[in-house]
Amino acid sequence: MEFFESDYFHYRNNKLYCEDLSVQELVETVDSPAYIYSKKYFTDKYKEFDEAFRKIKHKIFFACKSNFNLSVIKTFVNLGSGVDVNSEGELLRALKAGANPQNLIMSGVGKTPEEIKLAIEKDLLMIKAESEEEIFWINKIALSLNKTARVALRVNPDVDAHTHPYISTGLAENKFGVDTETAMKLFRKQNDLKNIKFTGIDMHIGSQIIKIEPFVEAANKLSELILQLKSEGIVLEHLDMGGGVGSTYNNEKTFEINDFAKSLLPIFQKMDCDVFFEPGRYLTANGGILVTKVLYNKNNHDKNFIIVDSAMNDLLRPSIYSAYHHIQPIILKNDRKNIVADIVGPVCESGDFFAKKREISESIQGEYLAIMSAGAYGMTMASNYNSRRRPIEILVDRDKYKIIRSRETFDHLFFDEPELI
Ligand code: LLP
């Protein structure tokens with residue numbers, strides 16, 4: 001069987017460690033299922049990204065939809081990161097985590113009037129508009145508040161990001177952004193929109209992109225728009241490249257962030273404006289694992305199943321994107337043979353699996369498995385399906401840990417249904 005190891009999650013004497021803490025000891029204290037994150041991973045990745053673009057004026061806005069735990073957001077905020085939020089809830093989370101509104105940007109293809117109002121009231125650095133109707137709403141709401149909203153237009157550059165169709169967003173057929181012609185038409189209306197100041201162009205072409213070319217293609221298209229607008233006297237302050245930089249889950253060959261920078265810098269250097277990035281997964285995916293306990297082993301019609309105490313409600317990615325996550329014992333034992341098994345949860349659906357036909361060493365009831373690369377879009381997409389409580393979250397910092405979200409109690413499951421009728 002294959003293992004996933006890194007500087008942040010690695011085996012010492014056959015025991016999996018997160019930084020300097022034994023995962024077994026940790027999970028025996030806090031119980032399973034448990035999301036465990038490495039603070040050093042978050043820190044190193046942020047610094048790597050930031051450093052790669054040091055030659056230009058840039059800013060990173062952590063896309064907190066990938067991991068919106070308050071302490072995780074705060075970790076990035078403390079490093080100087082801004083935050084990209086996609087809803088009122090994420091905006092409130094970012095503020096609660098200590099982010100300055102001037103370091104916040106708001107995305108979303110369907111923002112409600114309440115969300116727009118809150119963003120304007122809080123003086124966010126920028127709101128991304130995704131349609132002509134939304135522009136007029138933002139202008140109207142800003143007028144009613146007697147304010148000027150800083151707005152970027154999300155442009156759909158019609159570029160194929162070559163990723164899973166559910167997370168590809170920059171093709172003409174996708175619901176996101178406006179096409180370049182509409183964008184130019186809207187930017188040219190700047191003088192009529194008294195309560196909006198257009199500050200930039202934004203894009204986000206998809207997620208888990210493992211090739212640099214789609215970013216280069218899109219950046220070329222959008223930088224041309226910026227230069228064209230400038231020649232017409234409409235000067236924008238920033239180009240927002242969105243997120244999308246892929247991570248290694250299995251054996252995909254992703255690119256190095258320095259090569260990404262090297263390919264993009266010449267394009268950015270031609271424009272005289274700041275560049276924004278909104279990485280989510282890159283900063284978090286391989287900084288987290290989901291630890292789960294083996295409940296049962298069984299063999300049905302010659303097929304092996306390992307049934308664990310975590311389920312699709314805790315980590316949805318395998319079920320909805322057929323996403324691959326390495327799964328490995330947290331204690332390696334030499335006397336175990338390898339088997340091929342489906343690793344599944346207790347939820348009442350055949351779609352509730354973490355891996356199918358996976359080669360894995362035999363494990364016994366009560367032993368723990370680590371589902372790797374679970375730091376992004378893990379807990380944020382978790383639900384209470386089957387009235388299951390969502391997992392605890394732990395942040396490890398060298399040989400210390402903090403519970404950054406406790407396991408839900410059953411009271412939590414009922415608290416918003418106070419009365420029986
Ligand atoms: N900015 C915008 C406007 C976005 O929509 C997203 C992600 C990001 C930034 C961050 O993208 P990243 O750097 O993480 O690729 N649930 C899926 C991923 C959905 C991504 C949605 N938008 C998954 O588990 O793979």
Query - Residues Phe53, Phe277; criterion ring pair (Phe, Tyr, Trp, His ring centres under 6.0 Å); working and verdict - result: CA-CA 10 Å; Phe53 288 97; Phe277 298 96; 4.3 Å; yes

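- Aromatic rings of Phe76 and Phe42 (six-membered ring for Trp) have centroids within the 6.0 Å cut-off, being under it.
- Here Lys117 does not pair with Glu88 in a salt bridge; the nearest charged N to carboxylate O distance is not below 4.0 Å.
- Side-chain contact, Ser383 with Asn313: no donor N or O sits under 3.5 Å from an acceptor N or O.
- Look at Glu19 and Arg398 and you find no salt bridge, because none of the NZ, NE, NH1 or NH2 atoms lies under 4.0 Å from a carboxylate O.
- Aromatic pair Tyr17/Phe9: centroids not less than 6.0 angstrom apart.
- Both cation-pi conditions hold for Arg389 and Phe410: the charged atom is under 6.0 angstrom from the six-membered ring centre and inside a 45 degree cone around its axis.
- Between Pro329 and Leu332, the shortest heavy-atom contact is O-CD2, 4.1 Å.
- By the 4.0 Å N-to-carboxylate-O rule, Arg54 lies close enough to Glu51 to be salt-bridged with it.
- Within the model, atoms CD of Gln208 and CZ of Arg317 stand 7.0 Å from one another, a figure rounded to the nearest 0.5 Å.
- For Asp123 and Lys147, the salt-bridge test passes: some basic side-chain N is under 4.0 Å from an acidic carboxylate O.
- If you check the side chains of Tyr282 and Glu48, you find a donor sitting under 3.5 Å from an acceptor.
- Inter-residue side-chain proximity for Val308 and Phe354 is flagged as met; some heavy-atom pair is nearer than 4.5 Å.
- Side chain of Asn195 to main chain of Asn139: no donor-acceptor pair is present (N/O by atom type, distance under 3.5 Å, no hydrogens or angles).
- A side-chain donor-acceptor contact under 3.5 Å links Arg281 and Ser207.
- Salt-bridge annotation for Asp20 and Lys400: absent, with no side-chain N of the basic residue lying under 4.0 Å from a carboxylate O of the acidic one.
- For Arg358 and Tyr324, the positive end sits near the middle of the six-membered ring, less than 6.0 Å away and at most 45° from its axis.
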Report task. Apply salt bridge (charged side-chain N to carboxylate O under 4.0 Å, His left out) to the pair Arg390 and Glu408, showing each step before the final yes or no. Result -> CA-CA 6 Å; Arg390 281 175 292 176; Glu408 280 175 343; 2.5 Å; yes

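- A donor atom on one side chain and an acceptor atom on the other are found under 3.5 Å apart for Asp50 and His58.
- Inter-residue side-chain proximity for Val85 and Ile105 is flagged as unmet; no heavy-atom pair is nearer than 4.5 Å.
- Taking the six-membered ring for Trp, His325 and Tyr249 have ring centres closer than 6.0 Å.
- Formation of a donor-acceptor pair under 3.5 Å by the Asp314 side chain with backbone atoms of Met379 is not found in this model.
- Tested against Val291 for a side chain to side chain contact (heavy atoms under 4.5 Å, CB included), the candidates Val23, Leu26, Leu16 yield a single pass: Val23.
- Relative to the six-membered ring of Tyr8, Lys40 misses at least one condition, a distance below 6.0 Å or an angle of at most 45° to the axis.
- Ring to ring, Phe276 and Phe61 are close: their centroids are under 6.0 angstrom apart.
- Here the side chains of Phe62 and Pro279 are not in contact, with every heavy-atom distance at 4.5 Å or above.
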